[in-house]
Amino acid sequence: MGFDVGVAAHPAVAVLAALHAGALAASLPPALRRRRVGNWILGAALAFNAALITWNWVSAGRPPFKTLFETLVFYPLCVSAVTLVLIRLHGLHVLTPFSAAVCLGGLGYALCRPDTEVVNLPPALQSGWFVPHVVTYFVSYATLFASAVLALIALVRRSEAFEGHAHGAAVFGIATLTAGLVMGGIWGKYAWGDYWSWDPKENWALVTWLAYLLYLHLRLMDGWQGRRAMVLLVVAFGAVVFTYLGVHLLPTGKESLHVYQ
Amino acid sequence: MDTMDRSGQGEGCGERPVRLSTCFVLLGLFCGLLLVAERFLPGIPSVVAASWGKQVLAALAAAAVATLLWEVRRASARMLTSLSFSVALLALLLLATAAGTVILQQAAREAYVQRHGAALASVLLAFGMDDLFHTAWFTGLLALLAASLVLTVIERRAWRLPLWGNLLGHLGVVVILAGGWVGARYGFRGFIDLHKGQSVREARRIGQQGVLGEGVPLGFTVLLEDFEVDHYKPEARFCVYEPDGEKTRLVRSLEPKEAGAWQSIGPGGAKFRLLNAYPDFFMETEVLDAPSGQGAPVLEIEFKQGDRTARSALLAGVPGRDAVALSPGGPSARFVWDVPSDAEVARFPETVPETHGVSLLREEPGSPVEEAAVRPGQVLRMSDGGCEIEILDFLPDFIYDAGTRTASTRSKEPRNPALLVRFRDLKAGEEGTRWLFAKMPDFGHGGGAQGPRLVYRHEPARRPAEREILVLGSTGEIWELARGKVARRTPLGQWQAACYGLPVSGMKVHPCAEVRQSPSTRSQDWKNPVADILLDEGGKVREIRLEAAHERPVGLSDGKTFLAFELRTDEPKAFRSRLAILEGGKKVAGKTVVVNDPLSYKGTLFYQADFRKEDPTYSGIQVVRDPGLPAVFLGFGMITLGVVFIYYIRPWILGRQNRGV
């Protein structure tokens with residue numbers, strides 16, 4: 001509906017989306033792939049994204065992580081950062097088009113449903129835990145996305161090397177997921193008096209954590225290594241997506257304080 | 001990088017591994033037994049009070065179960081420490097947690113019937129799915145989880161250094177569960193309603209669904225010394241509403257400073273630009289002396305309140321413009337030129353009666369608004385005869401009883417004035433009846449066709465002031481009237497408004513002047529935002545004044561796009577309660593509590609939980625005692641550290657050991 005409205009209202013986000021489109025396009029043809037052009041453009045997108053978040057933070061006078069739109073502009077920062085780190089550590093260039101695509105998709109969605117204004121931060125979000133909790137979770141989500149992509153590639157290419165990479169990424173994602181979950185509990189105790197209240201968003205965060213714990217334990221059982229474990233990683237990432245974007249669709253999601261309205 | 005040596009899968013030689021399906025079946029039976037025990041055998045504790053025969057039977061049954069469990073202790077332990085069991089347990093907990101987000105929790109029975117139909121609702125309620133996180137079977141699963149984790153740690157001898165990660169991670173979960181159980185069993189969650197200066201010695205227990213129960217003594221006194229709400233600064237914004245399918249939604253929100261350049265709105269290429277914005281709008285009055293014959297007698301009154309000056313201009317003999325109240329509820333001043341007769345003086349002051357006004361807004365934007373003063377029982381024609389409106393009834397304090405579907409009035413005070421109108425669109429042949437509300441101009445209540453857009457304005461009756469002041473232009477005198485008689489005459493220059501506590505700083509008679517009114521702002525604070533804009537629709541440019549207080553947006557010719565100028569105010573920024581704890585009448589603790597920063601005293605935490613917009617002295621404080629909290633926080637640290645140890649520290653240790661060898 002309002003894609004053009006979104007672009008007009010948030011030109012910087014449109015530029016960021018264009019950069020990711022460029023990174024995607026540049027990581028497909030073999031000639032450009034060899035020269036790693038896509039990675040360079042992804043790096044430019046990362047730098048631009050960081051500048052944009054900084055600018056949003058300063059002009060809003062608060063961390064820009066409250067609304068769905070604001071987080072949709074933040075998560076590509078985490079995805080591109082994680083991707084570039086994995087490329088640096090393990091040469092996983094194959095991630096670039098997938099990361100660029102998911103960033104482009106999220107930013108495109110954001111431009112269709114932009115915030116009409118910078119809303120003020122309600123008292124409950126004025127806490128030192130706000131930034132660490134959100135950032136840790138989004139770094140985790142980005143890493144788990146990478147693990148799902150690597151698992152998919154491992155399945156397609158039947159590659160044990162990629163299985164190893166997928167597991168490595170998943171482990172980091174699970175460690176940060178655990179930290180994010182714990183931070184949320186501690187913050188909840190200081191804000192609302194409860195570290196856990198069986199709130200739908202909290203429950204789906206728990207479902208996600210349990211899904212990955214299932215992965216960690218199942219892969220130790222006979223017959224659950226290799227391909228089955230990779231399938232688990234791909235399926236478990238579905239829980240991540242639902243936790244981030246889908247909880248408001250639930251009948252219980254309407255009453256949750258935690259859900260983006 | 002694997003942590004365990006697959007010993008979960010049949011640890012000794014010759015032992016069959018525990019099957020996953022077996023684990024699911026046994027866990028299912030376990031949950032089923034607990035469900036039956038909880039739902040259908042509520043009287044189990046009463047066996048203690050039963051006759052000696054029943055008690056003997058119960059003891060024998062317990063002994064039989066214990067013996068059975070002891071005999072299979074090896075098998076039980078093997079089952080509980082197997083990977084299959086942990087996987088089955090994790091899977092069941094995952095499914096149950098997800099189910100608790102799909103099925104409404106702690107809702108009324110009718111909600112389930114409405115959602116799922118009577119049959120399924122009965123099944124769900126029988127299984128406790130309306131509050132599944134607190135059922136015996138869910139709690140039982142968590143208890144089994146804790147037991148299996150403890151046994152696993154013991155069986156693996158996870159206190160050995162390479163397995164510290166396992167120890168921390170697994171025992172961490174146990175510690176969290178234990179802390180959670182202690183908190184649920186021995187903890188307390190309560191609520192206190194406090195007003196400024198009020199103190200209490202107990203908190204009301206928060207029960208299911210947030211319902212407050214009986215008061216529980218705290219053992220000390222809690223006093224609310226002060227309560228403050230900080231609000232974000234009010235601001236005004238241009239809000240653009242555009243069609244979204246069948247609906248209209250807010251698509252753009254602009255600060256006034258952003259609207260200086262042309263801004264396009266709507267799908268049809270329309271645009272607008274801000275000419276002038278007045279944060280605290282008022283019409284500034286200027287009285288200018290005019291040459292003879294080109295003006296009229298004007299009385300200029302200057303009001304001063306604090307550092308604010310306002311000016312009023314009264315025109316002698318012009319009804320509605322010849323008098324003004326000198327202070328709220330105080331005497332009014334009326335300007336006359338010629339000296340009035342005694343009979344005329346006796347008629348002052350007048351009661352201003354209650355007035356009702358109805359405005360008809362037409363679809364075409366920019367078309368003039370038709371206004372008429374009306375009375376109940378009147379029929380009037382508007383819109384060049386195209387629309388007939390009959391005023392049926394008036395209620396000063398409207399209230400609607402949904403049960404009996406009747407409207408009535410709560411009182412005689414005009415707190416919620418409502419006018420019942422029957423409208424007839426003579427061209428379209430539509431007819432309908434509707435309630436119009438003076439305080440809610442956009443809300444119409446009633447059946448039938450929507451009809452034309454009507455706005456109802458209500459002015460309450462003004463009682464006559466005890467005193468009225470007449471200012472005589474021709475003689476330059478002030479006559480003070482009391483109950484229709486002249487009480488005192490004073491020359492204008494000698495009359496001291498200050499003696500009467502009136503905020504009048506000057507009065508001047510202009511025998512021949514003209515009055516000019518120009519828009520101005522009292523201050524830069526957004527209190528009464530008004531914006532003058534230029535609206536360009538396909539080349540047709542018009543100047544429009546948008547007033548936030550009137551809440552009437554300008555609509556474009558497509559009928560679906562609207563531009564409004566809105567005031568954002570009353571947005572809470574922070575709540576601060578200054579709490580004090582008193583014991584024996586002495587203050588022993590105190591803190592300014594804000595959201596995210598509670599007060600802690602003797603293991604009890606006091607949280608800023610609620611406020612009431614209409615009562616700025618009220619503060620809602622949540623009281624929490626959780627003896628299990630230290631364990632929960634310890635467990636949080638343990639599981640985080642455990643994961644890091646298993647996947648990062650242990651491989652590093654093993655790597656160093658290998659290199660050492």
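Everything quoted here is computed from the prediction, not taken from an experiment. Naming: A, B, ... by sequence-line order, numbering from 1 per chain.
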In this structure, are over 12 heavy atoms from other groups packed under 6.0 Å from [X] atom [atom1]?
{"X": "B:Gln106", "atom1": "CD", "value": "yes"}
{"X": "B:Trp262", "atom1": "CH2", "value": "yes"}
{"X": "B:Phe133", "atom1": "CZ", "value": "yes"}
{"X": "A:Arg227", "atom1": "CZ", "value": "yes"}

Which atoms of [X] approach chain A - backbone, side chain, both or neither, heavy atom under 4.5 Å:
{"X": "B:Val632", "value": "side chain"}
{"X": "B:Ser86", "value": "side chain"}
{"X": "B:Ala609", "value": "neither"}
{"X": "B:Ile103", "value": "backbone"}
{"X": "B:Asp626", "value": "side chain"}
{"X": "B:Leu94", "value": "both"}
{"X": "B:Phe606", "value": "neither"}

Counting heavy-atom pairs under 4.5 Å with chain A, which one of [options] comes out on top?
{"options": "B:Ile176, B:Val644, B:Val240, B:Leu250", "value": "B:Leu250"}
{"options": "B:Glu255, B:Glu571, B:Gln622, B:Gln608", "value": "B:Glu571"}
{"options": "B:Val624, B:Val643, B:Leu90", "value": "B:Leu90"}

Original post:
Do A:Val182 and B:Ile639 come within less than 4.5 Å of each other through their side chains, counting heavy atoms only?
Top reply: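 With C-beta onward as the side chain, the pair touches.
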[X], part contacting chain B, at a heavy-atom distance under 4.5 Å:
{"X": "A:Leu206", "result": "side chain"}
{"X": "A:Leu181", "result": "neither"}
{"X": "A:Phe172", "result": "both"}
{"X": "A:Asp115", "result": "neither"}

Taking all non-hydrogen atoms of both residues, which atom of [X] and which atom of [Y] are closest, and how far apart?
{"X": "B:Arg249", "Y": "A:Cys112", "value": "NH2-O, 4.1 Å"}
{"X": "B:Tyr648", "Y": "A:Ala175", "value": "CE1-CB, 4.5 Å"}
{"X": "A:Leu210", "Y": "B:Leu93", "value": "CD1-C, 4.0 Å"}
{"X": "A:Tyr195", "Y": "B:Gly180", "value": "OH-CA, 3.5 Å"}
{"X": "B:Tyr232", "Y": "A:Leu121", "value": "OH-O, 2.7 Å"}
{"X": "A:Pro123", "Y": "B:Pro572", "value": "CD-O, 3.9 Å"}

Between chain B and each of [options], count heavy-atom pairs under 4.5 Å; write down the option with the most.
{"options": "A:Gly128, A:Ser127, A:Ala239", "answer": "A:Ser127"}
{"options": "A:Leu213, A:Leu249, A:Leu216", "answer": "A:Leu216"}
{"options": "A:Asn120, A:Val207, A:Thr178", "answer": "A:Asn120"}
{"options": "A:Val118, A:Ile174, A:Asn203, A:Leu125", "answer": "A:Asn203"}

Subject >> Residue among A:Tyr190, A:Trp129, A:Trp187 satisfying side chain to side chain donor-acceptor pair (under 3.5 Å) with B:Asn596 >> reply: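 Single pass found, and it is A:Trp187.
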**OP:** Examine distances only and state if a side-chain atom of A:Gln126 and a backbone atom of B:Val595 form a donor-acceptor pair shorter than 3.5 Å.
**Re:**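 Absent.
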**OP:** Classify the ring geometry between B:His170 and A:His217 as parallel (under 30°), tilted (30 to 60°) or perpendicular (over 60°).
**Re:**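 B:His170 vs A:His217 ring planes: tilted.
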Original post:
Taking atom CG of B:Leu605 and atom NZ of A:Lys189, what is their separation to the nearest 0.5 Å?
Top reply: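 B:Leu605 atom CG to A:Lys189 atom NZ measures 6.0 Å (nearest 0.5 Å).
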